[in-house]
Amino acid sequence: MTLVLQGLTLPVLIRKLRVPHDAETDDEERLARLEANRAALKWIEEAGAKQRFSPDAANRLQAEYDERIEQLEHCAENPDECRGEIATPQYQRLQHQALRIERKTIIRLRNERVINDDALRRIQRDLDLAEARLTGS
C-alpha cells in the first residue's frame, strides 16, 4: 500500500516542486531523431528514383517522413512550446483524437459483426503501437 501511495503521488510532487525537465536529453533525442528521419527520407528518395517501389508507396512514405521532420524542426526551433515532446502538443492532440476515432470505429464494426475478434485485436495492436510511438512509451 505504501508503494502504491508513493507511486501515485510522485508525479504530483514533481510538478508542485517544479523540478526542471532535462532539456539536454530532449535536445539530444530530437537531434538523433531528426538525423535518423532525414537519413530514412534520403534512402526513400533514392529507392524511389531507382524505381525499387511503386511511386505511390514511395510518395506516401516520403510525405510521412516530411511531416515528422517538420515537427522535429519546429520543436527544435521552439523548445518551450514543445516542452520536451517530439511533436507540437497540438499535433499530438490531433493524432490522439484520430486514434480514438479509429478505436471506436473498429469496436463498432466488431459489435456489428463486420469484423471478427481476431481482426479487432490485430488492428488494436497497430493502434497501440501508433499511440506508443506518439507518447514515446
Side-chain angles (χ1 to χ4, degrees):
M1 186 66 172
T2 304
L3 289 176
V4 171
L5 182 62
Q6 288 174 352
L8 293 173
T9 59
L10 187 59
V12 174
L13 180 63
I14 289 172
R15 278 192 296 273
K16 286 191 184 255
L17 292 175
R18 298 179 187 211
V19 176
H21 194 71
D22 186 3
E24 183 177 335
T25 301
D26 291 341
D27 293 343
E28 289 176 4
E29 178 185 359
R30 194 174 292 113
L31 177 66
R33 286 179 185 267
L34 191 54
E35 189 170 328
N37 278 269
R38 285 179 177 153
L41 182 59
K42 182 180 177 188
W43 179 85
I44 293 166
E45 290 169 350
E46 291 169 357
K50 294 177 184 176
Q51 298 179 344
R52 295 166 103 178
F53 303 99
S54 73
D56 182 50
N59 289 338
R60 286 178 50 210
L61 191 56
Q62 185 173 356
E64 189 176 318
Y65 273 96
D66 283 338
E67 180 61 35
R68 286 183 199 170
I69 290 169
E70 182 180 319
Q71 286 293 314
L72 288 163
E73 288 173 341
H74 178 81
C75 287
E77 294 166 6
N78 306 289
D80 292 336
E81 185 179 318
C82 296
R83 297 179 302 253
E85 302 296 332
I86 299 306
T88 62
Q90 181 180 25
Y91 184 78
Q92 286 185 332
R93 284 192 305 272
L94 181 64
Q95 282 188 310
H96 276 294
Q97 189 60 32
L99 289 171
R100 279 190 212 109
I101 298 299
E102 283 189 67
R103 285 183 193 284
K104 286 181 181 180
T105 302
I106 62 170
I107 290 170
R108 179 183 53 79
L109 291 172
R110 192 272 322 264
N111 291 344
E112 293 173 356
R113 301 188 190 285
V114 174
I115 63 173
N116 63 30
D117 286 341
D118 289 336
L120 174 73
R121 281 190 292 275
R122 287 181 191 177
I123 297 169
Q124 283 177 324
R125 189 185 109 255
D126 289 344
L127 293 175
D128 290 344
L129 291 172
E131 193 165 23
R133 277 192 305 273
L134 180 61
T135 60
S137 302

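Just so it is clear, the values below take in all heavy atoms, side chains as well, and ignore hydrogens, waters and symmetry mates. Counting begins at 1 with the first residue of the sequence.
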What pairs with D66 under side-chain contact (heavy atoms from CB on, under 4.5 Å), at least two apart in sequence or on another chain? L41, Q62
To check you understand the geometry: which heavy-atom pair defines the closest contact between I106 and L127, and what is its length? CD1-CD1, 3.9 Å
So CG of L129 and CD of Q124: to nearest 0.5 Å the spacing works out to 12.0 Å
Check salt bridge (Lys or Arg N to Asp or Glu O under 4.0 Å) between E77 and all other residues, then give those that pass, not counting sequence neighbours. none
By salt bridge (Lys or Arg N to Asp or Glu O under 4.0 Å) - contacts of E102 (at least two apart): none
Any residue meeting salt bridge (Lys or Arg N to Asp or Glu O under 4.0 Å) with R52, in chain and number order, not counting sequence neighbours: none
Minimum heavy-atom separation for L99 and A130, please, with both atom names. CD2-CB, 4.0 Å
R60 and E64 ion-paired at < 4.0 Å: no
Listed partners of D118 passing side chain to side chain donor-acceptor pair (under 3.5 Å), at least two apart: R121
Apply side-chain contact (heavy atoms from CB on, under 4.5 Å) to L31 and list each qualifying residue two or more places apart in sequence or on a separate chain. none
Please test E46 against K50 for salt bridge (Lys or Arg N to Asp or Glu O under 4.0 Å), starting from the C-alpha separation and ending with a verdict. CA-CA 6 Å; E46 291 169 357; K50 294 177 184 176; 5.7 Å; no
How about R108: does its CZ atom have over 12 heavy atoms from other parts shown lying under 6.0 Å from it? yes
What heavy-atom pair brings A76 and R30 nearest, and what distance separates the two atoms? N-CD, 3.4 Å
Holding to side-chain contact (heavy atoms from CB on, under 4.5 Å), I want the full list of residues that pass it with N111, two or more places apart in sequence or in another chain. I107
Do I101 and L94 sit in the same hydrophobic cluster, where Ile, Leu, Val, Met, Phe, Trp and Tyr count as joined when their side-chain heavy atoms come under 4.5 Å apart? no
With D128 via side chain to side chain donor-acceptor pair (under 3.5 Å) - residues at least two apart: R103
Which heavy-atom pair separates A58 from G48 by the least distance, and what is that distance? CB-CA, 4.5 Å
Residues pairing under ring pair (Phe, Tyr, Trp, His ring centres under 6.0 Å) where one sits in residues 30-76, two or more places apart or in two chains, turn out to be W43-F53
Can you list the residues that meet the side-chain contact (heavy atoms from CB on, under 4.5 Å) rule with E67, with sequence neighbours excluded? E70, Q71, Y91
Hits for side chain to side chain donor-acceptor pair (under 3.5 Å) against R100, two or more places apart or cross-chain, chain-then-number order -> Q97
Could you check whether atom CD of Q90 has more than 12 heavy atoms from other residues, nucleotides or ligands sitting under 6.0 Å from it? no
Excluding sequence neighbours, so at least two apart, what forms side chain to side chain donor-acceptor pair (under 3.5 Å) with R38? E73
